[in-house]
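Heads up: the structure comes next, in structure tokens.
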Amino acid sequence: MVKVLVQRYKQVDDGAGGKEYKWDDHITIEGTLNQLDGDEILASDKLGILSTHIFIIFEMVDVTEQDRFIINGMIYDVKNVDNPNNLNRQLEIKLKYTGDRYVES
């Protein structure tokens, strides 16, 4: 099992009467991370979604395509969230590895 910090891009007050956007810690979850092989990446690309990894979790949590995952200090963008057959047993979350390292601010 891999522990993941899920961040959500939120609008916050900048303290001077304006608004700014920043990544905010949303939830922490545990699941299984698998790297997709070349054929799976190509198949996802044909659907218009380029994914490099899939994260599987056996609980229903609030994750959207606007979120990002921090896994072992690396950033992954959420590309798709699937509840297979709408059975509410697991989520299959397709991710794209950005190549960027997460630095706490």
Side-chain angles (χ1 to χ4, degrees):
M1 295 293 246
V2 176
K3 193 172 218 172
V4 174
L5 172 62
V6 180
Q7 292 186 323
R8 184 160 285 170
Y9 203 59
K10 290 187 176 180
Q11 181 180 355
V12 294
D13 185 4
D14 68 0
K19 304 279 187 212
E20 66 180 10
Y21 290 88
K22 70 172 208 160
W23 287 105
D24 193 35
D25 294 351
H26 178 56
I27 56 175
T28 301
I29 56 178
E30 287 188 14
T32 303
L33 180 70
N34 291 316
Q35 186 172 354
L36 300 175
D37 65 26
D39 292 340
E40 290 173 310
I41 292 171
L42 180 59
S44 292
D45 190 30
K46 288 181 181 177
L47 297 174
I49 302 168
L50 180 60
S51 305
T52 58
H53 293 75
I54 188 166
F55 187 80
I56 300 171
I57 184 168
F58 294 98
E59 61 181 301
M60 304 310 291
V61 294
D62 179 23
V63 175
T64 69
E65 284 84 5
Q66 289 75 38
D67 296 337
R68 73 179 185 180
F69 282 22
I70 309 300
I71 305 171
N72 295 326
M74 303 308 285
I75 300 172
Y76 297 78
D77 291 333
V78 176
K79 293 300 180 183
N80 181 268
V81 180
D82 183 30
N83 175 2
N85 299 317
N86 292 318
L87 294 175
N88 295 328
R89 293 185 183 166
Q90 73 185 42
L91 290 179
E92 295 178 1
I93 304 165
K94 290 185 180 173
L95 306 171
K96 181 178 179 187
Y97 174 61
T98 65
D100 296 327
R101 181 166 291 282
Y102 176 67
V103 179
E104 287 190 53
S105 52

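- No donor-acceptor distance shorter than 3.5 angstrom exists from the side chain of E20 to the backbone of V12, with no hydrogens or angles considered.
- Nearest heavy-atom pair, F55 versus E30, reported as atom, atom and distance to 0.1 Å: CZ-C, 3.9 Å.
- Using a 4.5 Å cut-off between side-chain heavy atoms of Ile, Leu, Val, Met, Phe, Trp and Tyr, with links allowed through other members, V2 and V78 fall into the same hydrophobic cluster.
- Judged as a salt bridge (Lys or Arg N to Asp or Glu O under 4.0 Å), and not counting sequence neighbours, R68 has no contacts.
- Using a 4.5 Å cut-off on side-chain heavy atoms (C-beta onward), V63 and I27 make contact.
- Taking all atoms of both residues into account, the shortest heavy-atom contact from E65 to N80 is OE2-CA, 3.7 Å.
- Scanning for ring pair (Phe, Tyr, Trp, His ring centres under 6.0 Å) contacts around F58 gives an empty result, with sequence neighbours left out.
- The salt bridge (charged side-chain N to carboxylate O under 4.0 Å, His left out) test with D67 singles out one residue from K10, R8, K79, and that residue is R8.
- Atom-to-atom distance recorded for D25:CG and E104:CD is 7.5 Å, nearest 0.5 angstrom.
- Of all non-hydrogen atoms in K94 and S51, the two that sit nearest each other are CB-OG, 3.3 Å.
- The aromatic rings of Y97 and Y76 are tilted relative to each other, their planes meeting at an angle between 30° and 60°.
- Other residues, nucleotides and ligands contribute more than 12 heavy atoms inside 6.0 Å of the CG atom of D13.
- Expressed to the nearest 0.5 Å, how far OG1 of T32 lies from NE2 of H53 amounts to 13.0 Å.
- Atom CG of D77 sits about 11.0 Å away from atom CD of Q66, to the nearest 0.5 Å.
- The hydrophobic cluster containing M60 also contains I57, counting ILVMFWY residues as joined when their side-chain heavy atoms lie under 4.5 angstrom apart, directly or transitively.
- In this structure, L36 and I54 have side chains that are in contact, with non-hydrogen atoms separated by less than 4.5 Å.
- Taking CD1 of I93 as the reference point, atom CD1 of I29 lies at 5.0 Å (rounded to 0.5 Å).
- Rounded to the nearest 0.5 Å, atoms CD1 (I56) and CE (M1) are 10.5 Å apart.
- Residue D62 comes nearest to H26 through the heavy atom pair O-NE2, 3.0 Å, listed as atom of the first residue, atom of the second, then distance.
- No single ILVMFWY cluster, assembled from side-chain heavy atoms under 4.5 Å apart, contains both L95 and Y102.
- A single hydrophobic cluster is seen to contain both V81 and F69, as judged by linkage of ILVMFWY side chains at heavy-atom distances under 4.5 Å, directly or through other members.
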Item to check | From CA spacing to verdict: side-chain contact (heavy atoms from CB on, under 4.5 Å), I70, I75 | outcome: CA-CA 5 Å; I70 309 300; I75 300 172; 3.7 Å; yes
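- Both V61 and L33 belong to a single network of hydrophobic side chains, linked directly or stepwise wherever heavy atoms of I, L, V, M, F, W or Y lie under 4.5 Å apart.
- The closest donor-acceptor contact from the side chain of D14 to the backbone of A16 lies under 3.5 Å.
- Taking the side chain to side chain donor-acceptor pair (under 3.5 Å) definition, one finds that N88 meets it with N83, sequence neighbours left out.
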